[in-house]
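Scroll down for the structure; my scribbles are underneath it.
Naming: A, B, ... by sequence-line order, numbering from 1 per chain. Hydrogens, waters and symmetry mates play no part in the numbers below; they use all other heavy atoms, side chains included.
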Amino acid sequence: MSRETSDSGIETAVNVLIALALAIYLAYLAVYVNYAVALFGFPFDYDQGEGFELVDSILLSRGEWPYRSVEEYPFYSSNYPPLFHIFAAPFVLVFGPRYWIGRALSFLATLINAALIGYAVWRETRDRKLSALSGLAFLASNYVYHVGPLFRQHMTMVMFETAAIVTIHRFDEIQSVIRRCKVILLGLLLLLAAGYTKQLAVITVAAFFGYMFLRRPKSAVVYGLILAVVAGIIFIWIDLATDGAWSLNIITANYNEYIVGQFLGLARQWFLLHRVILLLAAGLALYELYFDRLSVYSVWFAFAVAGNTLAGKWGAGESYFATSIAAACILAGIALHKLIGLFEGKARKFAWVARFAVPILFIIQAGYLVHMPTYGPIFGSLADLLGLPDGGEYYDSVGYTQIGRPPTRADTEAGVRIAGYIESDPRPAMSEDAGFSIYAGREVVGNPTQLLNLYNNGLFDPTEMVRWIDNQMFGVVILRAQFYPPPVLDAIGAAYDEVARIEMNGFEYIIMRPDPDYEPQVSPPEPMGGRSGRHGHGDGRDGG
Amino acid sequence: MPRGDFVITKRMLGIALIVAGLLICTVMYLPVERIGIGRSQGFGPVQQAGIVFGIIVAVLGVPLLFMDGRPA
């Protein structure tokens, strides 16, 4: 067999494997789109907290800040910065309070993020297939899949982080001073956007300036000061506009308990799920540390991995690992390209090994990420083909997961039944999920996790809320995880009786009505000034 | 390299990593309530994990000390 025939055979085999790898990752994309479309049509909270982000968008669409005192009715405040909700606000004005707005925005952010990852790899390698695989690997991550199409701000923050890092890459090699300034200022703007989408972006801010400091220390100091001044002015402006509620709810209330077991469990899962791209990324970062100049991607990866430790905070979760996954996808793509270059330069005879490694490693990585519905004509057949276990509607290599299964018609019907309890009573309702109140066109009362955070930090006096509960001012109380502060839960237990338990999305919701035999223990609250709790936010019946 | 801007070398980065690692270890070893961060009760698993992390950061910096003046 001639050398040319052998090379051509290897080329064909590599191309077939790359096509197979691309097909697998496109199948993951199809699973992701299917999940996103199912969520767009689901008019209730799928993940606890989505509804409160919708409330923030509603308030901002009315020109009101969502940062307020939680010690008076409706006992509500947000604990997130406003940018994501500002994006959603105009759509809320046009379409009403619909969950699909924020879900579609977040889903779009993940697609842009994947495109940015692909672009970052392409810019370094000029290899379109490798770039596509790197971008698609991000979307195939179980974590990105789970939280991507939710009405949560996290993935929008990650998109801005990636955009900032991709922008600043090799900034010091730009010869034109004006162009270099423009690139840095664009990077700063994207960092600012990331930070005002979610506080966690502080990790990427540190990586951004760490890289700048390595390349141009003076520039890092000057531009760092510029960012600090601009971010500080915005911070002070919002704090003054909200009478201090902004800093209280955004900063002070976020000192949560740290749960080591939670972090270790998530970190182990994160590593095992993404082990191929993480090892490639770590390998390239170490190579750059000792044998090359450190790229912004390696610095970002190192900071993001260190920042993963924040996933041990109470209330944190798998989404906290998304930044490190984005950084790892970029580094993995570049690492594989460098590997091919290394072999071609120093061991040409074995260069084919490196070329085979690209699709094979991506295929092995795909094998660790399996997640898909296991019913329906397409996914059902595919699940049978893959030999996925029967007995559920959804399979995830993570194991048990609260999110990921596309919601069904039964879930929507259960949500409508729960909202029916709110509609059947003219009094306001107190619900751990905001979605039922929004669906019924009522004002959303309380944000349980935020109330608990504030309470645990000695910043929430529940006396007034307990007064409302004790005097049975709420027509119905709906509990899911019972995240309210202990005195609030005690008051609910005393003044309300359970009347039903309804399952939705795998969670059991406890419906409670006022106990007719209960005698209030404290004086009633001040009159509500005509507020009946009706039509608080318009209704959220998009119905799918 | 722009005029007036200095170069961070591999060796300087190595020193920075070692100092940062030792600083992390020191902060983690000190009783948390004494330096007023968090609500942890003294030395526990968080502090142990922090010390391990600090040692890794410091060890990563050691080989860089033996490198020439290449930029980081």
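Here the side chain of B:K10 pairs a donor or acceptor atom with the backbone of A:D292 at under 3.5 angstrom.
If you measure heavy-atom distances from A:Y211 to chain B, you find no contacts under 4.5 Å at all. At a 4.5 Å heavy-atom cutoff, the contact between A:F213 and chain B is made by backbone and side-chain atoms alike.
The line from CZ of A:R216 to CD1 of B:I8 is 13.0 Å long, rounded to the nearest 0.5 Å. To the nearest 0.5 Å, atom OG1 of residue B:T9 and atom CG of residue A:L214 are 10.5 Å apart.
The environment of CZ in A:R123 is crowded: more than 12 heavy-atom neighbours from other residues, nucleotides or ligands sit within 6.0 Å.
Contacts between residues 270-290 of chain A and chain B, counted as heavy-atom pairs separated by less than 4.5 Å, involve A:L286, A:E288, A:L289, A:Y290. At a heavy-atom cut-off of under 4.5 Å, chain A is reached by B:L13, B:L17 from residues 11-20 of chain B, listed in order of number.
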